Each structure stands twice: as C-alpha cells, then as structure tokens.
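Predicted model only: the values in this text are computed from it and were never measured.
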Amino acid sequence: MKKRLLSLVLAATMIFGITGCGTDSDSGTNSGAEEAQSTDDISPATIKFQYWADNTDYSSLMQDIIKKFNDENEYGITVEGEETPWDGGGYSNTLFNAAMGGGAPDVATFKLTATPMFVNNNLFTDLTPYIESWDDKDDIPDNIYRVMREAGGSDSSLYLMPWNTQILYVYYRPSIFEEAGITEIPQTYDEFLEAIKRCTMDTDGDGETDVYGFGMRGGSGGQEPWGSFIHGKGGSFDQLTSEESIQGMQDFIDLYSNGYVPKTATSDGFQETLSNFKSGLTAMFIHHVGSSLGLEEELGDDVAAFMIPKGKGQWTSMGDTETVMFDSCENKAAAFEWMKYLAAYEGQKMWCEGTGQVPVSQSVQQGDYFQNNEFMKVSLEGIDFAGIVPVKDTTTEWISNWPAIISQALTGEISAEECMEQLDQALNQ
C-alpha cells in the first residue's frame, strides 16, 4: 500500500498547484518538543540544505541568500547548500529515497503534495513548538498555516514551514471590457458571470462570435480554475455532490453551451487559454503572477487583473513551495533559524523579489516591489482564502480523468449532477 501511495503522491507533484491532505495520523515524531526554544541554546552548527532551482539565475540567487545568512547570522551557523534537479517531480523521489536510506539533509525545499509519505514514515520534525515560540509567527497568515496542517494530515502539527506561493486570479483585457460597456471590475461571483456574457461579442456584425468572454480550461490542469466556480456557488471539493457544488458545475456547463467560451474549451490547456487571451479571442482567463511579465511585454497597458470574486463561497488555487526539517537533523534549533530566514526575513525578500513568487511574510508583502506591482497585489488578495485540492490516494487518477468527465458534461452527454457524482465517487469514496 505504501508503494502505491508513494507513486501516486510523487506523480501528483508534477501537477502545478495541487496540494493536499494526508490521512489522519499520529505518525511523525515530536522531537521538536524536546528542543529548547530559547536563542540562548543555539550553538554554532553546519546545516545541510537541499533545494532545487528552476534556472541558473535562481541557482545563483539561492547561493547569494545562503552566503548572506552565513556572513550575518549571529550564532555561527553555516548553511551548506546542495542543489538537486527538480526532474519533473523526481526531486521528491530522490529526497525520499535518501531519507529512507539515512542520508537526508537537515533542511530541504519541498512541495505539499509529497507530504503524506514522508510524515507517515516519521521522517519530518514536528515544527509546531518552534513556530509557536517564534516571536514573528503571526507575520505569516493563519490560512497558510492551515494549509500546511492539512497537508500533514493533522489539525495541530506543522511539518512544513511556509516559504512562497502562487495564487490564481483573473486576467482581463481592459479594451474588451470597455467595448462591452463594463466600467468596473466584477465585485461578486454573479457579476463575474455577467461580465463573461457581456464580453462575448460579434464585433463585425457577421453573425459569428469574434470575442469570447472567458478562456475556459477544460483540458489538463483545468480542475484548479474550475474549483473557483464550484466554491463560488458555495460548494467544495469535500462535497462535490452537494446542491451548491452541482449548481457551480451547471454554471460551468452553461458558459460552454451558451457560447460564452471557445468551442475548443473541452480540450484547451494552459497554452491554449494563454494564446487565446493574447490574440484577443477571449476577454478573460485564469492564471497566476507568473504570466504577468510576458503579458505586459506583449499587450502593454491592455492587460489587468482582479481576484476571483466572492459568491456564496470564495476559493482560489494556491501553488506552493515550503521548507521541511528532517528528524535526523542534529541541530534543530540552528536549522530553524535558517528556515525562519527564508520564511520571513531577508531570505524571503531576496527570493521573492528575485523570482517573482508571492511572499508568505506579511511584512515582506508591504515592500515597494510587491505593493507597486498590480499583479502581485491582486495575488495577495487571495492569500486568506486560497486553498488546495485534497491529496488522497485517489487524487492522481482523479486529476487524470477530470478532463474526460468534464468534457462529457460540457457537451451534454451527462448532466451536471451525473458529472459531480462521478467526480465525487472518484475523489472522495
């Protein structure tokens, strides 16, 4: 069973933004509780830190952060960084195998999706006593900690230290809004649906739609933006067969059947929705801040953003990267100093400014770099309600099958209720 769960969890790490819950368990040690929390007990130590970097610039940046910490920390702590390739999610497999063989680093960068197997094998230090005694713990929003706890399968224990995130929001073309007579961005979920309808236009009078209101993603990865429609009606992933969830699915179907999204939406993935938005075929689509620079370069002032608005509920998908401390770490208090530096201090500022990731530290969020960037500011609006698709031993297969089930609903082969019954059965039963 553990081998099966490991393969499912590691496969899920290759899918952006999917984070989730392990099973309820008392697994994992609580050795952190045995450590003294006073800074008086921090002694000089060498901390082995494993991380991945998406490109050479990020690699150099991390080395700069490590050097700055080593030069300036007052405890004589030396961090030794070891870069390991992400390898399409294989990083998690490499890390797990090393830990099971007794060769874990002290601290590593991590993805939520891989948490259950590590926790169930007692590999992580419970960070709860360290975080609880940290003077600046409230600098990180409660919702972020909640997501971390869910990933560890516990209501109380924290096995992951927040580091940075990405929050999905709505990109829109101001020129199309103006042509459609929309003078203000939608403030409610119903206004969002209405804006999609109004932005669907025959601009040359030939009887054919030239602009669609929304770039629906019915292909791979579409479960993340789709989740906002389900929650907008008050539904949730935990109860996909509830009346509210079914109503959210019906809204999704109606956008397709009424011609407010491209006909190709049943198979469109990220690249298709991005291309359609750039070309002006669609007025809106959902993605995160990672697309903002390229869109600004191509569209100039004709791109802006707003957070997915609230209806009966509100939810947006959160991508993530955290740090973890392995239970085999011999200098836990010193290791936590490094984790804090990345989470809330200069390390957080340097990394997020250098990579364009969304900081978890509220004090760092107030910096000019983030407050003067409209796309970053919109991202920050979602931090308090951003969430994850639950990760279970069914999740990887559920994600793989989601496009086919959704396509059947969009094209009328099955009803909204039948669609949600199938999705719920596949994920939650």
**Item:** Test ring-ring contact (aromatic ring centres under 6.0 Å, His included) applied to Y212 - qualifying residues, sequence neighbours left out
**Value:** none
Is it true that, when you exclude [X] itself, more than 12 heavy atoms of the residues, nucleotides or ligands shown sit nearer than 6.0 Å to its [atom1]?
X: N55; atom1: CG; answer: yes
X: K377; atom1: NZ; answer: no
X: N372; atom1: CG; answer: yes
X: K137; atom1: NZ; answer: yes

Given 3.5 Å as the limit, does a donor-acceptor pair link the side chain of [X] with the main chain of [Y], or not?
X: E150; Y: G387; answer: no
X: E272; Y: G269; answer: yes
X: N373; Y: F375; answer: yes
X: R149; Y: G152; answer: no
X: Q348; Y: L342; answer: yes
X: N70; Y: V79; answer: yes
X: S133; Y: P129; answer: yes
X: S292; Y: H288; answer: no

Spatial distance of atom [atom1] ([X]) from atom [atom2] ([Y]) [nearest 0.5 Å]:
X: I176; Y: C199; atom1: CD1; atom2: SG; result: 6.5 Å
X: C329; Y: D106; atom1: SG; atom2: CG; result: 4.0 Å
X: M376; Y: F370; atom1: CE; atom2: CZ; result: 5.5 Å
X: D251; Y: I253; atom1: CG; atom2: CD1; result: 9.5 Å
X: E381; Y: M307; atom1: CD; atom2: CE; result: 6.0 Å
X: K310; Y: Q187; atom1: NZ; atom2: CD; result: 13.0 Å

Side-chain donor-acceptor pair present, [X], [Y], cut-off under 3.5 Å:
X: T128; Y: D126; result: yes
X: D254; Y: Q250; result: yes
X: S361; Y: D139; result: yes
X: N73; Y: E337; result: no

Which pair of non-hydrogen atoms, one from [X] and one from [Y], has the smallest distance, and what is that distance?
X: M420; Y: T241; result: O-CG2, 3.7 Å
X: I383; Y: P359; result: CD1-O, 3.9 Å
X: C419; Y: I406; result: SG-CD1, 4.0 Å
X: Q365; Y: Q371; result: O-NE2, 2.8 Å
X: T115; Y: A151; result: CG2-O, 3.3 Å
X: T273; Y: M216; result: CG2-O, 3.7 Å

Would you indicate whether the side-chain heavy atoms of [Y] and [X] approach each other to under 4.5 Å?
X: F326; Y: T125; answer: no
X: F110; Y: L160; answer: yes
X: Q239; Y: D424; answer: no
X: F124; Y: M325; answer: no
X: T165; Y: T321; answer: no
X: K332; Y: Y130; answer: yes
X: P174; Y: D301; answer: no

**Request:** Measure the acute angle between the ring planes of F277 and Y171, then classify it against the limits of 30° and 60° as parallel, tilted or perpendicular.
**Result:** tilted
**Message:** Once you measure the plane-to-plane angle for W398 and W226, does it fall in the parallel (<30°), tilted (30-60°) or perpendicular (>60°) bin?
**Reply:** tilted
**Prompt:** So among I182, T282, I185, D302, which one has a side chain to side chain contact (heavy atoms under 4.5 Å, CB included) with Y172?
**Reply:** I185
**Among Y51, Y91, W52, the one residue meeting side chain to side chain contact (heavy atoms under 4.5 Å, CB included) with T84** = Y91
**Pair S242-S245, side chain to side chain donor-acceptor pair (under 3.5 Å): steps then yes or no** = CA-CA 5 Å; S242 70; S245 293; 3.0 Å; yes
Near-ring test [Y]/[X], centroid separation under 6.0 angstrom:
X: F214; Y: F229; value: yes
X: F69; Y: W338; value: yes
X: H287; Y: F270; value: yes
X: Y189; Y: H231; value: no
X: W315; Y: F237; value: yes

**Message:** Please determine whether ring-ring contact (aromatic ring centres under 6.0 Å, His included) holds for the pair F306 and Y169, giving the CA-CA distance in whole Å, both sets of side-chain angles, and the decisive distance to 0.1 Å.
**Reply:** CA-CA 6 Å; F306 60 89; Y169 54 71; 9.1 Å; no
**Test side-chain contact (heavy atoms from CB on, under 4.5 Å) applied to W134 and I140, step by step** = CA-CA 11 Å; W134 177 28; I140 297 175; 4.0 Å; yes
**Message:** side-chain contact (heavy atoms from CB on, under 4.5 Å) for W163 and T109? Distances and angles first, verdict last.
**Reply:** CA-CA 9 Å; W163 182 24; T109 56; 3.2 Å; yes
**Prompt:** Below 4.0 angstrom, N of the basic side chain to O of the carboxylate: do E244 and K233 qualify?
**Reply:** no
**Asked** Is R146 paired with D142 through a side-chain N to carboxylate O contact shorter than 4.0 Å?
**Response** no
**Asked** Can D327 and L123 be said to form a side-chain contact (heavy atoms from CB on, under 4.5 Å), step by step?
**Response** CA-CA 6 Å; D327 196 54; L123 295 175; over 6 Å; no
